[in-house]
J.: 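Take a look at this one; I'll ask things after.
For this chain, numbers begin at 1 and follow the sequence in order. Note that ligands are numbered from 1 as they come in the structure, with each ligand's atoms numbered from 1 the same way. Bear in mind that the values here come from a model prediction, so they are computed numbers and not experimental data.
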Amino acid sequence: MALRELGLRHFRNLGTQKLRFPPEGVAVVGENAQGKTNLLEAVYYLESLRSFRGAGDSELVAFEESTFHLRGLVEVDGERTTTVRTGFDRARRRKKVSVDGKETERTVDGLGLLGAVVFSPSDVNLVNGGPRLRRRFLDMALSLDGNEYVGTLSRYRRALANRNAALRAAARPRAVEAWDDGLVFEGARVTQMRRAWVADWSDAFSDYATAISGRDSVHLAYRPDVGRGPKARGRDLADGEDAIRVLFADRLRACRDEDRRRGSTTVGPHRDELLFTIPTRHGRPLPARSYGSGGQRRTAALALRLTEAAAIRKRRCDPLLLLDDAFAELDEERSRRVMELLAEERGGQVILTAPKASDARLRGPTLERWHIRDGVIEA
Ligand SMILES: Nc1ncnc2c1ncn2[C@@H]1O[C@H](COP(=O)(O)OP(=O)(O)OP(=O)(O)O)[C@@H](O)[C@H]1O
Ligand SMILES: [Mg+2]
(Lines give C-alpha, C1' and ligand atoms only; values in the text may rest on other atoms or scores of the structure.)
(Ligands and ions follow the chains in the order given, each with its own letter.)
Protein backbone atom coordinates (compact mmCIF):
# COMPACT_ATOMS: atom_id res chain seq x y z
CA MET A 1 0.00 0.00 0.00
CA ALA A 2 1.14 3.54 -0.60
CA LEU A 3 0.11 6.97 0.59
CA ARG A 4 -0.70 9.18 -2.38
CA GLU A 5 -1.98 12.27 -0.66
CA LEU A 6 -2.06 13.66 2.82
CA GLY A 7 -4.32 16.54 3.79
CA LEU A 8 -3.44 18.28 7.05
CA ARG A 9 -5.39 20.83 9.07
CA HIS A 10 -4.21 22.12 12.44
CA PHE A 11 -2.25 18.98 13.30
CA ARG A 12 0.56 20.16 15.64
CA ASN A 13 2.65 22.83 13.85
CA LEU A 14 1.83 21.63 10.33
CA GLY A 15 -0.90 24.15 9.53
CA THR A 16 -3.07 23.54 6.47
CA GLN A 17 -1.31 21.70 3.68
CA LYS A 18 -1.93 19.14 1.00
CA LEU A 19 0.98 16.86 0.13
CA ARG A 20 1.26 14.51 -2.83
CA PHE A 21 3.71 11.69 -2.21
CA PRO A 22 5.73 10.02 -4.95
CA PRO A 23 5.08 6.23 -5.19
CA GLU A 24 8.59 5.34 -4.01
CA GLY A 25 8.46 7.87 -1.18
CA VAL A 26 10.36 10.94 -0.06
CA ALA A 27 13.16 12.18 2.18
CA VAL A 28 12.08 15.10 4.37
CA VAL A 29 15.02 17.24 5.44
CA GLY A 30 14.87 19.95 8.08
CA GLU A 31 16.55 21.25 11.20
CA ASN A 32 15.53 20.34 14.73
CA ALA A 33 12.04 21.30 15.92
CA GLN A 34 10.70 22.09 12.43
CA GLY A 35 8.02 19.37 12.36
CA LYS A 36 9.64 16.25 10.84
CA THR A 37 8.44 13.88 13.53
CA ASN A 38 5.06 15.66 13.56
CA LEU A 39 4.65 14.78 9.89
CA LEU A 40 5.38 11.09 10.47
CA GLU A 41 3.11 11.19 13.51
CA ALA A 42 0.30 12.48 11.28
CA VAL A 43 0.88 9.73 8.70
CA TYR A 44 0.97 7.02 11.35
CA TYR A 45 -2.14 8.46 12.96
CA LEU A 46 -4.00 7.38 9.82
CA GLU A 47 -2.74 3.83 10.45
CA SER A 48 -3.28 3.52 14.20
CA LEU A 49 -5.60 6.44 15.12
CA ARG A 50 -3.23 7.45 17.88
CA SER A 51 0.13 9.12 18.33
CA PHE A 52 3.13 6.81 18.04
CA ARG A 53 4.86 9.08 20.55
CA GLY A 54 2.27 8.25 23.17
CA ALA A 55 0.78 11.78 23.09
CA GLY A 56 -2.90 12.24 23.83
CA ASP A 57 -5.19 13.43 21.01
CA SER A 58 -5.58 16.91 22.54
CA GLU A 59 -1.84 17.48 22.36
CA LEU A 60 -1.99 16.92 18.60
CA VAL A 61 -4.33 19.85 18.01
CA ALA A 62 -2.39 22.98 17.01
CA PHE A 63 -1.98 25.47 19.86
CA GLU A 64 -4.83 28.02 19.66
CA GLU A 65 -7.03 25.71 17.59
CA SER A 66 -9.78 23.40 18.78
CA THR A 67 -9.80 20.58 16.22
CA PHE A 68 -7.44 18.82 13.84
CA HIS A 69 -8.28 16.95 10.65
CA LEU A 70 -6.31 14.50 8.57
CA ARG A 71 -7.16 12.99 5.22
CA GLY A 72 -5.20 10.23 3.55
CA LEU A 73 -5.65 8.99 0.02
CA VAL A 74 -4.27 5.46 0.08
CA GLU A 75 -3.48 3.36 -2.95
CA VAL A 76 -4.64 -0.17 -2.21
CA ASP A 77 -3.34 -1.72 -5.41
CA GLY A 78 -2.57 -0.32 -8.85
CA GLU A 79 -6.06 1.10 -9.35
CA ARG A 80 -8.13 0.99 -6.18
CA THR A 81 -7.85 3.76 -3.62
CA THR A 82 -9.29 4.34 -0.18
CA THR A 83 -9.82 7.67 1.54
CA VAL A 84 -9.42 7.77 5.32
CA ARG A 85 -10.48 10.85 7.20
CA THR A 86 -10.09 11.48 10.87
CA GLY A 87 -10.51 14.41 13.18
CA PHE A 88 -10.45 15.24 16.84
CA ASP A 89 -12.35 17.91 18.71
CA ARG A 90 -10.53 19.01 21.85
CA ALA A 91 -13.47 20.64 23.61
CA ARG A 92 -15.86 17.73 23.05
CA ARG A 93 -13.10 15.12 23.30
CA ARG A 94 -14.52 13.48 20.21
CA LYS A 95 -12.72 11.52 17.57
CA LYS A 96 -14.29 10.81 14.21
CA VAL A 97 -13.11 8.37 11.59
CA SER A 98 -14.51 7.75 8.15
CA VAL A 99 -13.44 5.38 5.41
CA ASP A 100 -14.52 6.27 1.87
CA GLY A 101 -17.03 8.76 3.18
CA LYS A 102 -18.71 6.35 5.59
CA GLU A 103 -18.25 7.09 9.25
CA THR A 104 -17.02 3.97 11.05
CA GLU A 105 -19.15 2.81 13.96
CA ARG A 106 -16.20 1.61 15.96
CA THR A 107 -12.77 3.21 15.60
CA VAL A 108 -11.22 -0.25 15.18
CA ASP A 109 -12.77 -0.42 11.70
CA GLY A 110 -10.44 2.39 10.68
CA LEU A 111 -7.28 0.65 11.94
CA GLY A 112 -4.41 -0.70 9.88
CA LEU A 113 -5.41 0.78 6.52
CA LEU A 114 -1.90 1.86 5.54
CA GLY A 115 0.25 -1.03 6.69
CA ALA A 116 2.83 1.39 8.11
CA VAL A 117 5.76 0.88 10.50
CA VAL A 118 7.66 3.64 12.30
CA PHE A 119 11.39 3.37 13.02
CA SER A 120 12.59 5.91 15.56
CA PRO A 121 15.59 6.32 17.86
CA SER A 122 13.17 6.27 20.80
CA ASP A 123 12.34 2.64 19.93
CA VAL A 124 15.19 1.67 22.24
CA ASN A 125 12.72 2.40 25.07
CA LEU A 126 10.99 -0.80 24.02
CA VAL A 127 14.00 -2.61 25.42
CA ASN A 128 14.98 -0.25 28.26
CA GLY A 129 11.52 0.69 29.48
CA GLY A 130 8.96 -1.22 31.50
CA PRO A 131 6.90 -4.22 30.32
CA ARG A 132 3.86 -2.03 29.61
CA LEU A 133 5.55 -0.64 26.47
CA ARG A 134 6.30 -4.13 25.19
CA ARG A 135 2.75 -5.30 25.83
CA ARG A 136 1.57 -2.24 23.93
CA PHE A 137 3.81 -3.23 21.04
CA LEU A 138 2.26 -6.71 20.93
CA ASP A 139 -1.24 -5.28 21.28
CA MET A 140 -0.66 -2.87 18.39
CA ALA A 141 0.89 -5.50 16.12
CA LEU A 142 -2.03 -7.85 16.77
CA SER A 143 -4.73 -5.17 16.61
CA LEU A 144 -3.59 -3.78 13.29
CA ASP A 145 -3.52 -7.31 11.95
CA GLY A 146 -7.24 -7.94 12.37
CA ASN A 147 -10.34 -7.03 14.33
CA GLU A 148 -10.64 -10.15 16.44
CA TYR A 149 -7.81 -9.26 18.81
CA VAL A 150 -9.10 -5.76 19.51
CA GLY A 151 -12.49 -7.09 20.58
CA THR A 152 -11.03 -9.83 22.74
CA LEU A 153 -8.62 -7.45 24.43
CA SER A 154 -11.28 -4.87 25.17
CA ARG A 155 -13.62 -7.51 26.63
CA TYR A 156 -10.73 -8.72 28.78
CA ARG A 157 -10.03 -5.18 29.99
CA ARG A 158 -13.66 -4.60 30.84
CA ALA A 159 -13.84 -7.81 32.89
CA LEU A 160 -10.60 -6.84 34.63
CA ALA A 161 -11.83 -3.33 35.44
CA ASN A 162 -15.09 -4.71 36.84
CA ARG A 163 -13.30 -7.32 38.95
CA ASN A 164 -10.88 -4.71 40.27
CA ALA A 165 -13.74 -2.38 41.14
CA ALA A 166 -15.40 -5.20 43.12
CA LEU A 167 -12.10 -5.94 44.88
CA ARG A 168 -11.59 -2.28 45.75
CA ALA A 169 -15.10 -2.03 47.12
CA ALA A 170 -14.32 -5.10 49.27
CA ALA A 171 -17.41 -6.71 47.80
CA ARG A 172 -18.62 -10.17 48.82
CA PRO A 173 -16.55 -13.04 47.29
CA ARG A 174 -19.41 -13.96 44.96
CA ALA A 175 -19.46 -10.43 43.52
CA VAL A 176 -15.76 -10.67 42.72
CA GLU A 177 -15.94 -14.20 41.35
CA ALA A 178 -18.78 -13.23 39.07
CA TRP A 179 -16.17 -11.77 36.73
CA ASP A 180 -13.78 -14.72 36.83
CA ASP A 181 -15.24 -16.79 33.97
CA GLY A 182 -15.19 -13.88 31.54
CA LEU A 183 -11.72 -12.87 32.64
CA VAL A 184 -10.38 -16.39 32.14
CA PHE A 185 -12.16 -16.90 28.82
CA GLU A 186 -11.00 -13.65 27.18
CA GLY A 187 -7.63 -13.65 28.95
CA ALA A 188 -6.77 -17.11 27.63
CA ARG A 189 -7.57 -15.95 24.09
CA VAL A 190 -5.36 -12.88 24.51
CA THR A 191 -2.54 -15.08 25.83
CA GLN A 192 -2.99 -17.58 23.02
CA MET A 193 -2.92 -14.92 20.29
CA ARG A 194 0.14 -13.22 21.77
CA ARG A 195 1.86 -16.60 22.11
CA ALA A 196 1.12 -17.48 18.50
CA TRP A 197 2.45 -14.12 17.25
CA VAL A 198 5.76 -14.51 19.07
CA ALA A 199 6.04 -18.19 18.05
CA ASP A 200 5.49 -17.20 14.40
CA TRP A 201 8.02 -14.37 14.43
CA SER A 202 10.77 -15.07 16.97
CA ASP A 203 12.99 -16.81 14.40
CA ALA A 204 12.67 -13.90 11.99
CA PHE A 205 13.51 -11.55 14.87
CA SER A 206 16.72 -13.47 15.70
CA ASP A 207 17.70 -13.54 12.03
CA TYR A 208 17.29 -9.77 11.77
CA ALA A 209 19.26 -9.22 14.97
CA THR A 210 22.06 -11.41 13.65
CA ALA A 211 22.04 -9.65 10.30
CA ILE A 212 22.27 -6.22 11.97
CA SER A 213 24.97 -6.99 14.51
CA GLY A 214 26.93 -9.55 12.49
CA ARG A 215 26.64 -12.25 15.17
CA ASP A 216 24.15 -14.17 17.32
CA SER A 217 22.99 -11.37 19.54
CA VAL A 218 19.38 -11.05 20.73
CA HIS A 219 16.34 -13.29 20.97
CA LEU A 220 12.67 -12.72 21.62
CA ALA A 221 10.56 -14.71 24.08
CA TYR A 222 7.02 -14.46 25.38
CA ARG A 223 6.57 -14.90 29.13
CA PRO A 224 2.86 -15.09 29.77
CA ASP A 225 1.84 -14.41 33.34
CA VAL A 226 -0.25 -17.61 33.43
CA GLY A 227 2.97 -19.57 32.89
CA ARG A 228 4.42 -18.35 36.20
CA GLY A 229 2.55 -20.49 38.70
CA PRO A 230 4.03 -23.75 40.07
CA LYS A 231 1.42 -25.80 38.20
CA ALA A 232 2.56 -24.34 34.88
CA ARG A 233 6.00 -25.84 35.19
CA GLY A 234 6.59 -28.52 32.62
CA ARG A 235 3.33 -27.76 30.85
CA ASP A 236 3.33 -26.55 27.33
CA LEU A 237 1.21 -23.52 26.60
CA ALA A 238 1.36 -24.60 22.99
CA ASP A 239 -1.25 -27.18 24.02
CA GLY A 240 -3.64 -24.37 23.29
CA GLU A 241 -6.32 -22.22 24.73
CA ASP A 242 -7.97 -24.84 26.93
CA ALA A 243 -4.70 -25.62 28.68
CA ILE A 244 -4.14 -21.88 29.19
CA ARG A 245 -7.65 -21.52 30.60
CA VAL A 246 -7.04 -24.22 33.21
CA LEU A 247 -3.75 -22.61 34.28
CA PHE A 248 -5.27 -19.14 34.45
CA ALA A 249 -8.25 -20.33 36.54
CA ASP A 250 -5.84 -22.11 38.93
CA ARG A 251 -3.71 -19.02 39.34
CA LEU A 252 -6.74 -16.84 39.91
CA ARG A 253 -7.92 -19.18 42.69
CA ALA A 254 -4.45 -19.32 44.24
CA CYS A 255 -4.16 -15.52 44.33
CA ARG A 256 -7.64 -14.80 45.64
CA ASP A 257 -6.52 -13.65 49.11
CA GLU A 258 -3.63 -11.64 47.73
CA ASP A 259 -6.01 -9.91 45.28
CA ARG A 260 -8.35 -9.01 48.13
CA ARG A 261 -5.53 -7.58 50.19
CA ARG A 262 -4.26 -5.48 47.33
CA GLY A 263 -7.62 -4.54 45.93
CA SER A 264 -6.60 -5.52 42.41
CA THR A 265 -6.15 -8.57 40.20
CA THR A 266 -2.55 -9.72 40.38
CA VAL A 267 -2.58 -12.40 37.68
CA GLY A 268 -3.42 -12.37 33.98
CA PRO A 269 -2.17 -11.14 30.62
CA HIS A 270 -2.00 -7.55 31.92
CA ARG A 271 1.12 -8.87 33.67
CA ASP A 272 2.66 -10.56 30.60
CA GLU A 273 6.23 -9.88 29.55
CA LEU A 274 7.85 -9.87 26.15
CA LEU A 275 11.49 -10.61 26.82
CA PHE A 276 14.59 -9.73 24.84
CA THR A 277 17.38 -12.08 25.81
CA ILE A 278 21.06 -12.28 25.00
CA PRO A 279 22.77 -15.67 24.78
CA THR A 280 25.66 -16.33 27.16
CA ARG A 281 28.52 -18.81 27.06
CA HIS A 282 27.38 -20.58 30.20
CA GLY A 283 23.95 -21.52 28.92
CA ARG A 284 21.25 -19.40 30.54
CA PRO A 285 20.18 -16.46 28.37
CA LEU A 286 19.99 -13.13 30.20
CA PRO A 287 17.50 -10.28 29.78
CA ALA A 288 18.86 -7.60 27.46
CA ARG A 289 17.14 -4.93 29.56
CA SER A 290 19.57 -5.50 32.43
CA TYR A 291 22.57 -7.09 30.73
CA GLY A 292 22.59 -5.96 27.09
CA SER A 293 25.06 -3.42 25.76
CA GLY A 294 23.81 -0.20 24.19
CA GLY A 295 24.43 -1.69 20.76
CA GLN A 296 22.56 -4.90 21.59
CA ARG A 297 19.56 -2.92 22.80
CA ARG A 298 19.43 -0.77 19.69
CA THR A 299 19.80 -3.94 17.61
CA ALA A 300 16.86 -5.51 19.47
CA ALA A 301 14.68 -2.45 18.87
CA LEU A 302 15.50 -2.35 15.14
CA ALA A 303 15.01 -6.10 14.75
CA LEU A 304 11.59 -5.76 16.37
CA ARG A 305 10.55 -3.07 13.87
CA LEU A 306 11.88 -5.11 10.95
CA THR A 307 9.86 -8.06 12.28
CA GLU A 308 6.77 -5.87 12.50
CA ALA A 309 7.32 -4.86 8.88
CA ALA A 310 7.77 -8.49 7.83
CA ALA A 311 4.50 -9.44 9.57
CA ILE A 312 2.66 -6.71 7.67
CA ARG A 313 4.19 -7.86 4.40
CA LYS A 314 3.12 -11.44 5.01
CA ARG A 315 -0.44 -10.77 6.15
CA ARG A 316 -1.37 -7.52 4.46
CA CYS A 317 0.80 -5.63 1.97
CA ASP A 318 4.19 -4.07 1.28
CA PRO A 319 4.70 -1.97 4.40
CA LEU A 320 4.95 1.81 4.27
CA LEU A 321 8.21 2.54 6.10
CA LEU A 322 8.36 5.70 8.20
CA LEU A 323 11.97 6.28 9.25
CA ASP A 324 12.34 9.10 11.76
CA ASP A 325 16.01 9.98 11.72
CA ALA A 326 16.28 6.27 12.38
CA PHE A 327 20.01 5.82 12.03
CA ALA A 328 20.97 8.76 14.22
CA GLU A 329 22.46 6.66 16.99
CA LEU A 330 23.78 3.68 15.06
CA ASP A 331 27.40 3.15 14.18
CA GLU A 332 28.36 3.08 10.48
CA GLU A 333 28.48 -0.68 10.25
CA ARG A 334 25.06 -1.28 11.77
CA SER A 335 23.36 1.46 9.79
CA ARG A 336 24.81 0.03 6.58
CA ARG A 337 23.42 -3.43 7.43
CA VAL A 338 19.97 -2.08 8.37
CA MET A 339 19.93 -0.10 5.16
CA GLU A 340 20.76 -3.22 3.19
CA LEU A 341 17.95 -5.11 4.92
CA LEU A 342 15.48 -2.33 4.16
CA ALA A 343 16.72 -2.01 0.60
CA GLU A 344 15.95 -5.70 0.04
CA GLU A 345 12.30 -4.86 0.63
CA ARG A 346 11.83 -3.59 -2.88
CA GLY A 347 8.71 -1.82 -3.84
CA GLY A 348 7.41 -0.50 -0.51
CA GLN A 349 7.09 3.24 -0.05
CA VAL A 350 9.46 5.05 2.31
CA ILE A 351 9.05 8.37 4.08
CA LEU A 352 12.20 9.27 5.93
CA THR A 353 13.32 12.31 7.86
CA ALA A 354 16.80 13.63 8.56
CA PRO A 355 18.28 16.87 9.87
CA LYS A 356 20.81 17.02 7.03
CA ALA A 357 20.52 15.97 3.40
CA SER A 358 23.66 13.86 3.78
CA ASP A 359 21.89 11.75 6.42
CA ALA A 360 19.06 10.84 4.03
CA ARG A 361 20.95 7.87 2.71
CA LEU A 362 18.38 5.17 2.13
CA ARG A 363 17.79 4.61 -1.57
CA GLY A 364 20.39 7.28 -2.05
CA PRO A 365 19.69 10.02 -4.53
CA THR A 366 16.69 8.23 -6.07
CA LEU A 367 14.38 9.44 -3.33
CA GLU A 368 12.80 12.85 -3.89
CA ARG A 369 13.87 15.49 -1.32
CA TRP A 370 11.50 17.81 0.48
CA HIS A 371 12.41 20.54 2.94
CA ILE A 372 10.54 21.45 6.07
CA ARG A 373 10.77 24.69 7.99
CA ASP A 374 8.48 25.89 10.73
CA GLY A 375 6.01 23.18 9.78
CA VAL A 376 5.85 24.25 6.14
CA ILE A 377 6.86 21.59 3.64
CA GLU A 378 8.35 22.52 0.31
CA ALA A 379 8.25 19.79 -2.27
N1 LIG B 1 0.07 20.98 19.31
C2 LIG B 1 1.03 21.72 18.75
N3 LIG B 1 0.73 22.88 18.10
C4 LIG B 1 1.69 23.61 17.53
N5 LIG B 1 3.00 23.31 17.54
C6 LIG B 1 3.36 22.18 18.14
C7 LIG B 1 2.40 21.32 18.77
N8 LIG B 1 3.06 20.27 19.30
C9 LIG B 1 4.35 20.45 19.01
N10 LIG B 1 4.54 21.60 18.33
C11 LIG B 1 5.82 22.16 17.83
O12 LIG B 1 6.41 21.22 16.94
C13 LIG B 1 7.82 21.39 17.00
C14 LIG B 1 8.52 20.05 17.11
O15 LIG B 1 8.25 19.31 16.00
P16 LIG B 1 8.96 17.91 15.75
O17 LIG B 1 9.00 17.12 16.98
O18 LIG B 1 8.27 17.32 14.58
O19 LIG B 1 10.43 18.38 15.38
P20 LIG B 1 11.52 17.62 14.50
O21 LIG B 1 11.63 18.34 13.20
O22 LIG B 1 11.22 16.18 14.46
O23 LIG B 1 12.81 17.91 15.36
P24 LIG B 1 14.04 16.96 15.76
O25 LIG B 1 14.98 16.96 14.60
O26 LIG B 1 14.63 17.67 16.95
O27 LIG B 1 13.49 15.62 16.10
C28 LIG B 1 8.13 22.20 18.23
O29 LIG B 1 8.60 23.45 17.82
C30 LIG B 1 6.82 22.29 18.95
O31 LIG B 1 6.66 23.52 19.61
MG1 LIG C 1 12.03 14.55 15.46
Side-chain angles (χ1 to χ4, degrees), residues 3 6-19 21 25-72 85-96 114 116-129 133 294 298 301-302 304-305 320-330 335 338-339 342 349-362 367-379:
L3 183 63
L6 174 65
L8 297 151
R9 209 163 85 218
H10 306 327
F11 186 93
R12 294 233 196 228
N13 73 337
L14 297 171
T16 301
Q17 302 184 65
K18 187 165 123 184
L19 306 170
F21 290 89
V26 66
V28 181
V29 178
E31 287 176 13
N32 294 139
Q34 302 303 309
K36 303 185 295 296
T37 304
N38 293 348
L39 176 65
L40 297 186
E41 193 177 34
V43 174
Y44 198 73
Y45 197 95
L46 290 171
E47 164 83 357
S48 69
L49 303 172
R50 62 203 276 183
S51 156
F52 77 77
R53 296 202 251 195
D57 289 327
S58 346
E59 295 167 60
L60 307 177
V61 181
F63 307 144
E64 337 247 310
E65 297 292 338
S66 57
T67 56
F68 77 73
H69 290 274
L70 296 172
R71 178 184 61 86
R85 278 174 215 271
T86 178
F88 179 77
D89 183 323
R90 180 156 43 196
R92 290 195 219 148
R93 312 192 127 271
R94 259 189 68 185
K95 172 144 61 187
K96 277 191 174 180
L114 261 65
V117 184
V118 185
F119 289 72
S120 137
S122 65
D123 288 343
V124 75
N125 293 337
L126 280 166
V127 186
N128 294 339
L133 288 173
R298 281 192 288 275
L302 277 163
L304 194 66
R305 291 302 183 203
L320 162 57
L321 301 177
L322 305 174
L323 311 181
D324 193 18
D325 201 6
F327 308 115
E329 287 169 29
L330 286 188
S335 21
V338 177
M339 233 133 25
L342 290 174
Q349 194 181 28
V350 181
I351 304 175
L352 70 85
T353 72
K356 287 182 304 219
S358 57
D359 292 333
R361 287 169 294 179
L362 185 74
L367 220 50
E368 201 173 292
R369 295 256 147 101
W370 293 356
H371 290 269
I372 181 165
R373 207 192 149 107
D374 230 350
V376 179
I377 293 150
E378 273 170 34

J.: For Phe52, check ring pair (Phe, Tyr, Trp, His ring centres under 6.0 Å) against everything at least two apart and list the hits.
T.: none
J.: Contact between Leu342 and Phe119 at the side-chain level, heavy atoms closer than 4.5 Å - yes or no?
T.: yes
J.: Using 2.8 Å as the cut-off, count the protein N, O or S atoms closer than that to the Mg ion (ligand 2).
T.: 1
J.: If only side-chain N and O atoms count, and only distance matters, is there a donor-acceptor pair under 3.5 Å linking Asp324 with Thr353?
T.: yes
J.: Looking at Glu41, Glu59, Glu65, which one forms a salt bridge (charged side-chain N to carboxylate O under 4.0 Å, His left out) with Arg12?
T.: Glu41
J.: Measuring only between side-chain heavy atoms, which start at C-beta, is Val29 closer than 4.5 Å to Lys356?
T.: no
J.: Could you pull out every protein residue that has a heavy atom closer than 4.0 Å to ligand 1, ordered by chain and then number?
T.: Arg12, Asn13, Glu31, Asn32, Ala33, Gln34, Gly35, Lys36, Thr37, Asn38, Arg53, Glu59, Val61, Ala62, Phe63
J.: State which residues pass side chain to side chain donor-acceptor pair (under 3.5 Å) with Asn128; sequence neighbours excluded, sorted by chain then number.
T.: Arg297
J.: Is Asp123 salt-bridged to Arg305, going by a charged N under 4.0 Å from an acidic O?
T.: yes
J.: Strictly distance-based, threshold 3.5 Å: is any side-chain N or O of Glu47 a donor or acceptor partner for the main-chain N or O of Tyr45?
T.: no
J.: Strictly distance-based, threshold 3.5 Å: is any side-chain N or O of Thr67 a donor or acceptor partner for the main-chain N or O of Phe88?
T.: no
